[in-house]
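Chain naming here is simple, since letters A, B, ... match the order of the sequence lines and numbering starts at 1 in each.
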Number of protein chains: 2
Amino acid sequence: MGHAQRLRIVAELYRSAQEGNRLHVSELARRLGLSRPLLYMHLERLETAGLVEGQLELSEDGKAMKYFELKPFALKLDAEMIAETVARDAEPAPDANTKGGKG
Amino acid sequence: MGHAQRLRIVAELYRSAQEGNRLHVSELARRLGLSRPLLYMHLERLETAGLVEGQLELSEDGKAMKYFELKPFALKLDAEMIAETVARDAEPAPDANTKGGKG
DNA sequence: ATCACCTGTAAGCTGAGACTGACAGGTGGC
DNA sequence: GCCACCTGTCAGTCTCAGCTTACAGGTGAT
């Protein structure tokens, strides 16, 4: 994560959820002033990161609408946690046969 | 923040601090396998963000050494916090005279 | 004088990721 | 038929952070 637009998306989804609304892609794009393709890209990343979730539905008048919702998440960010994450990220070499790295 | 190298730097500084060592730039660069100029750039950003702090000192043999230390920090990262941050970031218009945006 | 250390910065290349425009396809209403 | 909505994806462009190379300057030891 870590891009301003990404944060704005999360913020908007959060606000709407507070008000009891769900938002579909086009509506969200309009509110944030983003193009749909761009928004799709960001939503994809957010979904991959597990921060949001989208589901395609049919509205009353038969139109396809993709609604996105925030998934609850919270993480404490401090030096210790970062050190652990980095250590965990560095070790994965379970079945590679002692071969050198990528270079 | 939010770049892998940045996290590695924080992690290494944290580890060293645990062992009671301080690191100077060149040493840190060697441990992480980064070029000094690159490390400088990252350290600059981390320092701007308030996560680390550097101080130039003279070693016993008169050589200049710049030591970097971690500053304690911790923040809880969740949707609410992001929404607040975005809202706070969006409002600053204290003395601009109702003029439009950047262009 | 030359080497092995160190700090610091500027110029330039490069590639990933942000962003746009255009497309294809579906619905309902006038 | 045409318009106003919607979803979804691709092929580009372009910006900028990341990264390298190269420089300038300082110390002490040989």
Side-chain angles (χ1 to χ4, degrees), chain A residues 1-13 16 21-69 82 86 89-90 101-103, chain B residues 1-13 16 21-69 82 86 89-90 101-103:
Chain A
M1 227 228 296
H3 193 275
Q5 302 286 42
R6 235 79 55 85
L7 299 182
R8 291 182 60 218
I9 293 172
V10 170
E12 186 60 41
L13 286 175
S16 295
N21 306 41
R22 291 188 310 159
L23 294 179
H24 60 267
V25 178
S26 291
E27 176 62 20
L28 186 52
R30 243 175 276 129
R31 294 205 188 186
L32 294 175
L34 300 180
S35 66
R36 268 190 320 109
L38 180 54
L39 183 55
Y40 268 95
M41 189 206 66
H42 285 308
L43 285 173
E44 204 172 300
R45 288 169 187 271
L46 288 172
E47 196 163 24
T48 299
L51 299 188
V52 305
E53 195 174 42
Q55 40 201 350
L56 186 61
E57 294 177 22
L58 290 183
S59 65
E60 300 172 17
D61 46 352
K63 286 176 186 166
M65 313 283 263
K66 181 141 187 186
Y67 289 96
F68 270 89
E69 298 181 83
I82 290 177
V86 170
D89 249 37
K102 57 176 73 165
Chain B
M1 227 226 297
H3 191 276
Q5 302 285 43
R6 235 79 55 85
L7 299 182
R8 290 181 61 217
I9 293 171
V10 171
E12 186 59 41
L13 286 176
S16 295
N21 306 41
R22 292 188 309 159
L23 293 180
H24 60 267
V25 178
S26 291
E27 176 62 21
L28 187 51
R30 245 174 275 130
R31 294 204 189 186
L32 295 174
L34 301 180
S35 67
R36 267 191 320 110
L38 179 54
L39 183 55
Y40 267 96
M41 189 206 66
H42 286 307
L43 285 173
E44 204 171 298
R45 288 167 189 273
L46 287 172
E47 194 163 26
T48 299
L51 299 188
V52 305
E53 194 175 44
Q55 41 202 348
L56 186 61
E57 294 178 21
L58 290 184
S59 64
E60 300 171 17
D61 45 352
K63 286 176 185 166
M65 313 282 263
K66 184 143 186 184
Y67 288 95
F68 271 89
E69 298 180 82
I82 291 176
V86 170
D89 249 37
K102 55 177 71 167

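- In this model, the phosphate group of D:dT21 is not approached by any side-chain N or O of B:S35 to a distance below 4.0 Å at OP1 or OP2.
- Remark: side-chain polar atoms of A:E47 are paired, donor with acceptor, to backbone N or O of A:G54 under 3.5 angstrom.
- The shortest side-chain heavy-atom distance between B:L28 and B:L13 falls under the 4.5 Å cut-off.
- Toward the 5′ end of DNA chain C lies the nearest nucleotide of B:R36, the other residue of the pair B:R36 and A:L38 mapping further downstream.
- Residues A:M41 and A:L38 form a side-chain contact, since some pair of their non-hydrogen atoms from C-beta on lies under 4.5 Å apart.
- Nearest-nucleotide positions on DNA chain C place B:Y67 closer to the 5' end than the other of B:Y67 and A:H42.
- For A:H3, the listed nucleotide lying nearest its side chain is C:dA18; candidates were C:dC6, C:dA18, D:dG18.
- When each of C:dC5, D:dT7, C:dT7 is scored by its nearest atom to the side-chain atoms of B:K66, the top-ranked nucleotide is C:dT7.
- Protein atom CZ of B:R22 is 15 Å distant from nucleotide atom C1' of C:dC6, rounded to whole Å.
- When rounded to the nearest whole Å, the span between CG of A:L34 and P of C:dG21 equals 13 Å.
- Between B:Q5 and D:dC19 there is a side-chain polar atom (N or O) within less than 4.0 angstrom of OP1 or OP2.
- Side-chain nitrogen and oxygen atoms of A:H24 include at least one within less than 4.0 Å of the OP1 or OP2 phosphate oxygen of D:dC6.
- With the nearest nucleotide of DNA chain D identified for both B:M41 and A:Y40, A:Y40 has the one nearer the 5' end.
- Nucleotide D:dG26 holds its P atom 18 Å from the CE atom of B:M65, rounded to whole Å.
- Open room surrounds CD on A:E44; 12 or fewer heavy atoms of other groups in view lie less than 6.0 Å from it.
- When the side-chain nitrogen and oxygen atoms of B:R45 are compared with OP1 and OP2 of D:dG18, one or more of them lie within a distance under 4.0 Å.
- Going from atom CG of B:L43 over to atom P of C:dG8 covers 10 Å, rounded to whole Å.
- To the nearest angstrom, C1' of C:dC19 lies 14 Å from CZ of A:R8.
- Comparing atom distances between the A:P37 side chain and each of D:dT7, C:dA22, C:dG8 picks out C:dA22 as nearest.
- Two residues are said to be in side-chain contact when any heavy atoms from C-beta on lie closer than 4.5 Å; A:R22 and A:Q55 meet this criterion.
- Going from atom CD of B:E44 over to atom C1' of C:dT7 covers 14 Å, rounded to whole Å.
- For the contact set between residues 56-63 of chain A and DNA chain D, defined by any heavy atom under 4.0 Å, the members are A:L56, A:K63.
- Listed here is the closest heavy atom pair of A:S16 and A:L23: OG-CD1, 3.2 Å.
- Contact check on A:R31 versus A:E27 returns a salt bridge, with a Lys/Arg side-chain nitrogen under 4.0 Å from an Asp/Glu carboxylate oxygen.
- One atom, CG of A:L39, and another, C1' of D:dC6, lie 14 Å apart when rounded to the nearest Å.
- In this structure the side chain of A:L51 never reaches within 4.5 angstrom of the side chain of A:R6, judged on heavy atoms.
- With rounding to whole Å, B:L23 atom CG is found 11 Å from C:dT7 atom P.
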